[in-house]
Amino acid sequence: MNACACALELLGMFVYVGAWLCALATTIMPQWLTMSTELLAIESYELGLWETCVVQDVGGMECRAYDSLLGLSYDLKLARILMCICLALGLLGILVAVPGLYLVNSCKGRTKRSLTITGGVLGMVAGVLCLIPVSYVAHLAVIRYFDETLPEVVPRWEFGDALFCGWVGGFLLIVAGLLLVTSCLCWQMDPEPVLQRRYQVRSTDISSRKGTEYV
């Protein structure tokens, strides 16, 4: 294996872990959507997958978890499911890809390559699953923000920090998966075993010829 493939593997794994942490932070953060009103300028509201928070300019913050799962909107339910699947697939991809690294002496040959490719594919799937709920919630926020049926006095939800973190995490998961798969394309098998096999075959042929000549 050449140095280029090894560098791509290491870079892919570092990006993989960082992207998975971004996806984890996106799932936990309550700042998926934010809203501030002119009537109460000192307070702003934050909406997340697991809780809603009220933030005051003084520095206080009070959060409350959702009372019932059935009372959630369908977009939050979908976002919860897809983000949990994303985290599970991402973690599984990391655990699968680590034994396939060139620096880890756990297996050899095609097994390493198959493990690396599997981990990369899982990372790309996890990245797509992370981008879907984040983009969908952002799409609904844009539609509701520019809804002409609502009066201008009614406050609107806007993008929170978790959405941007989710976009970064999903994009980096896809990049990490592509790096791992690309490293397998740069894989160069060591030619020494082939030469040794040829040498052994030739030596056996010579010895067999000598044996027939003596007979």
Side-chain angles (χ1 to χ4, degrees), residues 12-36 44-55 61-100 114-147 150 154-181:
M13 285 306 303
F14 281 123
V15 175
Y16 207 152
V17 175
W20 188 84
L21 292 177
C22 283
L24 178 62
T26 303
T27 308
I28 298 176
M29 291 171 61
Q31 293 88 6
W32 277 64
L33 296 174
T34 60
M35 181 176 63
S36 58
S44 61
Y45 301 90
E46 296 177 348
L47 178 68
L49 298 182
W50 313 100
E51 58 185 2
T52 56
C53 298
V54 178
V55 183
M61 182 176 181
E62 183 180 355
C63 297
R64 181 180 179 182
Y66 297 114
D67 297 330
S68 174
L69 179 62
L70 299 177
L72 292 176
S73 59
Y74 65 92
D75 54 339
L76 290 182
K77 293 179 183 178
L78 179 64
R80 274 189 179 186
I81 295 173
L82 292 181
M83 290 304 298
C84 291
I85 297 175
C86 165
L87 293 176
L89 288 180
L91 182 60
L92 179 62
I94 293 175
L95 296 178
V96 170
V98 167
S114 61
L115 288 176
T116 305
I117 293 177
T118 303
V121 172
L122 289 175
M124 289 186 285
V125 174
V128 174
L129 291 177
C130 181
L131 291 176
I132 290 175
V134 173
S135 300
Y136 184 63
V137 171
H139 172 69
L140 292 180
V142 171
I143 292 178
R144 293 166 183 170
Y145 187 86
F146 293 102
D147 189 2
L150 296 176
V154 177
R156 269 90 165 174
W157 290 104
E158 300 180 4
F159 292 173
D161 296 337
L163 294 182
F164 299 101
C165 185
W167 278 319
V168 173
F171 177 73
L172 290 181
L173 280 172
I174 297 176
V175 171
L178 290 175
L179 288 175
L180 291 178
V181 174

- Query: Is there a disulfide bond (SG atoms under 2.5 Å apart) between C22 and C165 once you walk through the steps?
  - Reply: CA-CA 6 Å; C22 283; C165 185; 4.5 Å; no

- Can you name the one residue among L47, L163, L76 that meets side-chain contact (heavy atoms from CB on, under 4.5 Å) with W32? L163

- Message: Is any side-chain heavy atom of Y66 closer than 4.5 Å to one of T52?
- Response: yes

- Query: What are the two closest non-hydrogen atoms of M61 and P30, and how far apart are they?
  - Reply: CE-CG, 4.3 Å

- Query: Could you give the distance from CG (D161) to OG1 (T26), rounded to the nearest 0.5 Å?
  - Reply: 10.0 Å

- Message: Contact between S44 and M35 at the side-chain level, heavy atoms closer than 4.5 Å - yes or no?
- Response: no

- Query: To the nearest 0.5 Å, how far apart are CD1 in I28 and CH2 in W50?
  - Reply: 9.5 Å

- Query: Backbone N or O of G119 within a donor-acceptor pair of the Y16 side chain at under 3.5 Å?
  - Reply: yes

- Item | pair V142-H139: side-chain heavy atoms closer than 4.5 Å | no

- Message: Under 3.5 Å, is there a donor on one side chain and an acceptor on the other for S135 and W167?
- Response: yes

- Task: Apply the test side-chain contact (heavy atoms from CB on, under 4.5 Å) to residues W20 and L91: give CA-CA distance (whole Å), side-chain angles for both, the deciding distance (0.1 Å), then the verdict.
- Result: CA-CA 7 Å; W20 188 84; L91 182 60; 3.9 Å; yes

- Sort and list the pairs that fulfil side chain to side chain donor-acceptor pair (under 3.5 Å) and have at least one residue in residues 78-99, not counting sequence neighbours. none

- Task: Identify the heavy atoms of V137 and A79 that sit nearest to each other, and give their distance.
- Result: CG2-CB, 4.5 Å

- Assess whether atom CZ of F171 is packed by more than 12 heavy atoms of other residues, nucleotides or ligands within 6.0 Å. no

- Contact summary for E158 and Y145, nearest pair of heavy atoms: OE2-CE1, 3.9 Å

- Item | side-chain contact (heavy atoms from CB on, under 4.5 Å) assessment of C53 paired with E62 | CA-CA 5 Å; C53 298; E62 183 180 355; over 6 Å; no

- Enter the distance from L87:CG to L92:CG here, rounded to the nearest 0.5 Å. 12.5 Å

- Message: For the CG atom of L180 and the CD1 atom of I94, what is their distance to the nearest 0.5 Å?
- Response: 10.0 Å

- Do the non-hydrogen side-chain atoms of T34 and V55 ever get within less than 4.5 Å of each other? no

- Item | Considering all heavy atoms, the nearest L129-I85 contact | CD1-CG2, 3.5 Å

- For residues A97 and M13, report the shortest heavy-atom separation together with the two atoms involved. CB-SD, 3.9 Å

- Item | side-chain contact (heavy atoms from CB on, under 4.5 Å) between Y74 and L140, intermediate numbers included | CA-CA 11 Å; Y74 65 92; L140 292 180; 4.2 Å; yes

- Task: Any chance you could measure I81, atom CD1, to L49, atom CG, to the nearest 0.5 Å?
- Result: 11.0 Å

- Query: Does a side-chain heavy-atom distance below 4.5 Å link L173 with C86?
  - Reply: yes

- Task: Identify the heavy atoms of A162 and M29 that sit nearest to each other, and give their distance.
- Result: N-CE, 3.8 Å

- Just wondering, do L179 and F14 contact through their side chains at under 4.5 Å, heavy atoms? no

